[in-house]
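Order of the sequence lines sets the chain letters (A, B, ...), proteins ahead of strands, with each chain counted from 1.
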Number of protein chains: 2
Amino acid sequence: MTKEPTTSVAVSPAGEAVPLSSRATRAAERRAAIVDAAMEEFIARGFAATRLDDIAKRAGVAKGTIYLHFKDKESMFEELVRTVIVPVVAKLTALPPPTGSVRDLVEAFASNFLKEVIGTRRGDLVRLIVAEGPRFPSVADFYYREVVSRGIAGMRALIELGIARGEIRETDLARYPQILVAPAMIAVIWQSLFARHAPLDAQDMLRVHLDLIFGERRTT
Amino acid sequence: MTKEPTTSVAVSPAGEAVPLSSRATRAAERRAAIVDAAMEEFIARGFAATRLDDIAKRAGVAKGTIYLHFKDKESMFEELVRTVIVPVVAKLTALPPPTGSVRDLVEAFASNFLKEVIGTRRGDLVRLIVAEGPRFPSVADFYYREVVSRGIAGMRALIELGIARGEIRETDLARYPQILVAPAMIAVIWQSLFARHAPLDAQDMLRVHLDLIFGERRTT
DNA sequence: ATTTTATGACTGACTAGTCAGTCATTGTCA
DNA sequence: TGACAATGACTGACTAGTCAGTCATAAAAT
């Protein structure tokens, strides 16, 4: 079925020698415009209710052009998720220096997450995946494989380190890194759904949560 | 005016074995069948992708019948959410006796939540609300008003009691009852999306989380 | 001039919502 | 009690509209 990698993605081979506004470049720009527009529309309306005409209009492109880049609506959605998520994973995988206390590490993660995800388009994407996941097993699979399982593994490693160093009391926590992450996820969803009813100070909430796990912070 | 339909349930002679279908009863049954079918379909496909024909077929009813009970697809969805949620709220509002430790109370809540929500159709409904909320402000509003704000308030009261009684150390927790609830919500979502990849022992996870908040449990 | 890329009018499949007609149930009267 | 009339719940074929995907044509690049 969708075995095809679609139209050859303009992955320019390492070298460039090619003038900036080559075909490949233009194609890549158009593709990016389509991805951005699609992101916007899918987040606002969900998969089924999004019209390709709207995506095309927003991207400043004719509808037919979309089909030069994507096989159909479904695979566009799937590729969109991949396209947007991969760089985020890459960024998070670029681990910070293993210096300082575990709490500092976790806090670095948290503040990064706060800035890069909560209340941003990427946060909305998370909600979108939760929303459409059951109807797009391939998306859910991908997300689990690339983001969730890695994230859980990384958090577990951190927790174990924290336990080993005596920073974390509750040793069972290592079995459920989800607990460490849960408030952050809740914050993402809260901002999408209830921000207008009751804004949430995500940063402060995460701080309190970390106090709960690591104990009250002394002085820094 | 004897115009009243008088839901005359008494019409059926006591001894008769035919109380099967008065008009009113049948109507109520049909409405219930439609609500059930709609719930199933909306959960499986989301709002936009659900066909009224499918709901009708599943409910064993003609499409036109749906319109005798609901104005249109949108208000059907909205009423559906209300219909399903109200009894749950009622149940949770029936507070347990204020006996025992706060931890016991919270644990009672948790185990109730586990049994009644996580991994059930109601859990899927929560996911559905997260999914469709942004496109159905009225649903999100209703859910916030009837479930979220009450739940948060209730949890806050419990936390404050726990703090007053010395069961809970972290006094800032009262400002973010979301932290108390977060793992439970994550469990709901996890079961919907990732259960097949990595089943989650929600009960055990919640126990660990409560240990984190209340401190390790002594004896039971 | 030829090939590649882009366009947008067009098509056909699909579906929310309607409504004229049917008929089981209920009410009335002899 | 039985026959007949009134009611309105129920049906499903139909309408009007939508939208994913196509393709003949045009523009741009080479």
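For residues 129-143 of chain A, the pairs satisfying side chain to side chain donor-acceptor pair (under 3.5 Å) are A/Glu78-A/Ser138, A/Glu132-A/Arg135, A/Asp141-B/His197, with sequence neighbours left out. The stretch residues 112-134 of chain B participates, sequence neighbours left out, in no ring pair (Phe, Tyr, Trp, His ring centres under 6.0 Å) pair at all.
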At under 4.0 Å between heavy atoms, which parts of nucleotides 11-19 of chain C does protein reach? Answer with one letter per nucleotide, 5' to 3': B base, S sugar-phosphate only, - none. ----SBBB-
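In this structure, CG of B/Leu68 is placed 14 Å from C1' of C/dG21, rounded to the nearest angstrom. Rounded to whole Å, the distance from CD on B/Glu29 to P on C/dA24 is 18 Å. Computed from coordinates, the A/Ile34 CD1 to C/dA6 C1' distance equals 11 Å when rounded to whole Å. Atom P of nucleotide D/dA20 and atom CD1 of A/Ile55 are separated by 8 Å, given to the nearest angstrom. Remark: P of D/dA20 and CZ of A/Phe77 are 14 Å apart, rounded to the nearest angstrom.
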Which atom pairs, donor and acceptor, lie under 3.5 Å between side-chain atoms of residues 55-65 of chain A and protein residues at least two apart or in another chain?
unit_1	atom_1	unit_2	atom_2	d
A/Arg58	NE	A/Glu41	OE2	3.0
A/Arg58	NH2	A/Glu41	OE2	3.3
A/Thr65	OG1	A/Ala62	O	3.3

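Using cut-offs of 30° and 60° for the angle between ring planes, the B/Phe47 and B/Phe136 rings count as perpendicular.
Not counting sequence neighbours, the partners of A/Arg122 by the side chain to side chain donor-acceptor pair (under 3.5 Å) test are A/Glu116. With sequence neighbours excluded, the residues that form a side chain to side chain donor-acceptor pair (under 3.5 Å) with B/Glu40 are B/Arg121.
Of the side-chain N and O atoms in A/Arg30, one or more sit less than 4.0 angstrom from OP1 or OP2 of C/dT7.
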